Amino acid sequence: LISKPFVSKEDQLQYEELSSSLMQRIFPFINFTDKLLEKKLNIVLDRALQLVPFETLQFEREGQKTYLINHSEIAYNYSLSLQEELNTFQTDTKNDVVEFTLEEFQNEYLPTLSKAESTKSRLNFDHTTYTKEKATKETFLNEYDKSSVVFISTHGGVDQDQPWLGFYDEKLTLDELYFTPTHKDMVVLSACKTSVGEY
């Protein structure tokens, strides 16, 4: 119902009814507004609940319909334990911004990328760029550890449910990134199939 504009009053009324019903089913507490409102809500979702935009849930307050986002700050987390772990990470930056632009690959283990694709992520501010034989997996892991902003333009894919990014000499898999001790302010991927796979 919220994926397209309401075209009639009936659409709006149907949305309000379902939204209020869903709000009551998710938060079936007595005086739930006292527990939820004017607070920061950290919501950990699973399965179908990941599709629910909690900001748009409606309820009645002082005789008027209102949205949850009007009264609470809402944040989403994969898990509270993961968020606690992320909060302990420190970003120790030596280079603020680093870019890895891959056009060709050692021994042609991956096909050459076109020049147009490889220059998409050119940045208009100072940064360190690695290309060709300098853009190895080991160099990436070293620079990733020291940089707060990372741009990557390369091949991407999934092998047996394991996502990977291609570097000059070999592929980097997602599980290898899990063991890096820092988190980034921003990572930009310019690669095919980065949204493929379960993770």
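Heads up: numbering here begins at 1 and tracks the sequence. Source: prediction; values computed, not measured.
For E38, the CD atom counts as densely surrounded, since its 6.0 Å shell holds more than 12 non-hydrogen atoms of other residues, nucleotides or ligands. For K39, the NZ atom is densely surrounded, since the number of other residues' heavy atoms within 6.0 Å is greater than 12. Enclosure of atom CD in E138 is not indicated, since only 12 or fewer non-hydrogen atoms of other residues, nucleotides or ligands lie within 6.0 angstrom.
A pairwise comparison of heavy atoms in F105 and L110 identifies CD1-O, 3.6 Å as the closest pair. The two residues I26 and F54 make their nearest non-hydrogen contact at CG2-CE2, 3.9 Å. Between Y67 and E55, the closest heavy-atom pair is CB-O, 3.7 Å. Counting all heavy atoms, side chain and backbone alike, Y168 lies closest to E104 at CD1-O, 3.4 Å. For K137 against D169, the heavy-atom pair with the smallest separation is N-OD1, 3.0 Å. Residues G157 and K193 share a closest heavy-atom pair of CA-CB, 4.1 Å.
L189 places a side-chain heavy atom less than 4.5 Å from the side chain of V187. Put simply, the side chain of I43 does not reach to within 4.5 Å of the side chain of L49, judged on heavy atoms. Between L102 and L165, every side-chain heavy-atom pair lies at or beyond the 4.5 Å cut-off. Counting heavy atoms from C-beta outward, D96 and H127 have side chains that stay 4.5 Å or more apart. A heavy-atom distance below 4.5 Å is not found between the side chains of F167 and T154.
Hydrophobic clustering (side-chain heavy atoms under 4.5 Å, transitive across Ile, Leu, Val, Met, Phe, Trp, Tyr) keeps L13 apart from F59. Criterion: ILVMFWY side-chain heavy atoms under 4.5 Å apart, direct or through other members. Under it, V97 and M186 are part of a common hydrophobic cluster. Under the 4.5 Å side-chain contact rule for hydrophobic residues, I69 and L45 share a cluster. Transitive grouping of hydrophobic side chains (ILVMFWY, heavy atoms separated by less than 4.5 Å) keeps M23 and L51 in distinct clusters.
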- Hey, mind stepping through L68 and L37 against side-chain contact (heavy atoms from CB on, under 4.5 Å) and telling me if it holds? CA-CA 8 Å; L68 184 57; L37 303 189; 4.1 Å; yes
- Message: Quick one, Q14 with E10, criterion side-chain hydrogen bond (donor to acceptor under 3.5 Å, both in side chains). Give me CA distance, side-chain angles, the key distance, then yes/no.
- Response: CA-CA 6 Å; Q14 184 183 13; E10 288 73 24; over 6 Å; no
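Rounding to the nearest 0.5 Å places CG of L57 at 11.0 Å from OG of S72. Rounded to the nearest 0.5 angstrom, S19 OG and Q24 CD are separated by 10.0 Å. To the nearest 0.5 Å, atom CG of residue L172 and atom OG1 of residue T136 are 11.0 Å apart. Here Q162 contributes atom CD and L174 contributes atom CG; the two are 6.0 Å apart, rounded to the nearest 0.5 Å. Rounding to the nearest 0.5 Å places CD of E16 at 7.5 Å from CZ of F6.
Using cut-offs of 30° and 60° for the angle between ring planes, the Y144 and F140 rings count as tilted.
Applying the side chain to side chain contact (heavy atoms under 4.5 Å, CB included) criterion to K134, with sequence neighbours excluded, gives Y130. Listed by chain and residue number, W164, K171 satisfy the side chain to side chain donor-acceptor pair (under 3.5 Å) test with D159 (two or more places apart in sequence, or in another chain). The side chain to side chain donor-acceptor pair (under 3.5 Å) test applied to T173 returns D175, E176, not counting sequence neighbours.
A distance-only check finds no donor-acceptor pair linking the side chain of T128 to the backbone of V98 [under 3.5 Å]. Under a 3.5 Å cut-off, the side chain of S20 and the backbone N or O of E60 do not form any donor-acceptor pair. The backbone N or O of D185 lies less than 3.5 Å from no partner atom in the side chain of S148, so there is not a single donor-acceptor pair.
With hydrogens and angles left out, the side-chain atoms of E99 and T101 include a donor and acceptor closer than 3.5 Å.
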